[in-house]
Structure formats: structure tokens, C-alpha cells
Amino acid sequence: QVQLVESGGGLVQAGGSLKLSCAASGRTVTSYTMGWFRQAPGKARDFVGSITRSGDSTYYADSVKGRFTISRDNAKNTVYLQMNSLKPEDTAVYYCAASHSVVAVKRVVEFDYWGQGTQVTVSS
């Protein structure tokens with residue numbers, strides 16, 4: 001199994017950028033399809049994006065396409081979420097997750113391991 005720890009959350013103003021990190025231990029991130037999810041108070045946990053084991057393919061929710069980018073740094077065993085052009089509606093707790101699936105899946109049930117989450121707050 002793999003342990004996941006998110007970091008990099010914080011407070012930014014609308015239009016700004018933030019880069020989240022997901023550090024893995026126990027296993028390498030190349031062993032999993034990696035995903036990012038987010039959850040705002042009183043709302044369901046929503047898919048943000050995922051990246052395949054090789055990093056060749058990525059998949060994003062329509063709400064973040066063109067603004068967010070997922071990447072891997074295998075040497076650091078870390079997955080990143082670069083968030084640009086942030087909007088107040090992006091405010092949420094962001095979670096990193098790992099899936100045994102080969103493809104870039106998007107459903108919560110398809111992910112096997114989860115981090116503790118990191119808070120992102122976007123103000124106007």
C-alpha cells in the first residue's frame with residue numbers, strides 16, 4: 001500500500017496560482033494512476049483530474065480544463081496539481097488519491113488510497 005500526504009494549500013486571491021504537492025511513501029507513484037479530488041463544505045467530493053502511471057495521459061474535469069495541470073516527479077515520488085486562474089468556487093479541501101487502474105479513472109470508488117487533504121481558499 002501507499003501513504004499519501006498533501007501540502008501546498010493556502011489562501012490566494014482570485015486569478016492567482018497555487019501548486020499542490022502529493023508526496024507518496026511505501027510505494028512509488030509510478031505504481032498507480034494518481035488523482036486529485038476536492039470537497040467543499042456541504043458538497044460531495046468531486047473529481048478534479050488524474051494522471052496515468054507513465055504520465056503519458058491526463059484527464060480533467062470540465063470545470064478545471066485549461067486552468068489546472070497534473071504532473072509527476074518520479075525522482076521525488078511526488079504528484080503535483082498546478083492551479084492557475086483560480087476562482088472563488090475552487091475553494092475546497094483538495095485530496096490526493098491513488099488507484100490500481102491502468103487508465104486515468106475519475107470516480108471516487110475507483111481510488112484505493114487517499115491523503116488527508118489540504119485546504120485551498122480563493123478570495124475575490
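Since we're looking at a predicted model, the values are computed, not measured. Here, residue 1 is the first one in the sequence, and each next residue gets the next number. Atoms considered below: every heavy atom in the structure, side chains included; atoms not considered: hydrogens, waters and symmetry mates.
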Is T52 reaching over with its side chain to a backbone N or O of S57, donor-acceptor style, under 3.5 angstrom?
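At least one qualifying donor-acceptor pair exists.
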Backbone N/O of E6 and side chain of Q116: donor-acceptor pair under 3.5 Å:
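Yes; judged by distance alone, with no hydrogens or angles, the pair exists.
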Minimal non-hydrogen separation, [X] against [Y], with atom names:
| X | Y | answer |
| --- | --- | --- |
| V48 | V64 | O-CG2, 3.4 Å |
| K19 | Q82 | CD-OE1, 3.4 Å |
| Q119 | A92 | NE2-O, 3.4 Å |
| A24 | V2 | CB-CG2, 3.8 Å |
| I70 | S50 | CD1-N, 3.1 Å |
| P88 | A14 | CD-CB, 4.1 Å |

Would you say that T118 contacts L20 through its side chain, given a criterion of any heavy-atom pair below 4.5 Å between the two side chains?
yes
Below 4.5 Å, heavy atoms only, C-beta onward: do V122 and K87 meet side chain to side chain?
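Answer no - side chains too far apart.
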Do [X] and [Y] share a hydrophobic cluster (ILVMFWY, side-chain heavy atoms under 4.5 Å, transitive)?
| X | Y | value |
| --- | --- | --- |
| V79 | W114 | no |
| L4 | Y80 | no |
| V105 | Y59 | yes |
| V29 | Y113 | yes |

Can you tell me how far the [atom1] atom of [X] sits from the [atom2] atom of [Y], to the nearest 0.5 Å?
| X | Y | atom1 | atom2 | answer |
| --- | --- | --- | --- | --- |
| Q3 | R27 | CD | CZ | 11.0 Å |
| L86 | L18 | CG | CG | 6.5 Å |
| D46 | K106 | CG | NZ | 11.5 Å |
| M34 | T78 | CE | OG1 | 9.5 Å |

Below 3.5 Å, can you tabulate the donor-acceptor pairs from side chains in residues 94-102 to any protein atom, sequence neighbours excluded?
unit_1, atom_1, unit_2, atom_2, d
Y94, OH, R38, NH1, 2.9
Y94, OH, D90, O, 2.6
S99, OG, S101, N, 3.0
S99, OG, E110, O, 2.7
S101, OG, V103, N, 3.3
S101, OG, V103, O, 3.4

Taking the ring of Y32 and the ring of F111, is the distance between their centroids below 6.0 Å?
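No, too far apart.
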Measure centre to centre between the rings of Y60 and F47, then say whether the value is under 6.0 Å.
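No - the distance between ring centres of Y60 and F47 does not fall below the 6.0 Å cut-off.
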Where do I51 and T33 land on the side-chain contact (heavy atoms from CB on, under 4.5 Å) test, with the steps shown first?
CA-CA 6 Å; I51 185 168; T33 283; over 6 Å; no
Stepwise, does the side chain to side chain donor-acceptor pair (under 3.5 Å) test hold for N84 with S17?
CA-CA 4 Å; N84 299 324; S17 298; 2.9 Å; yes
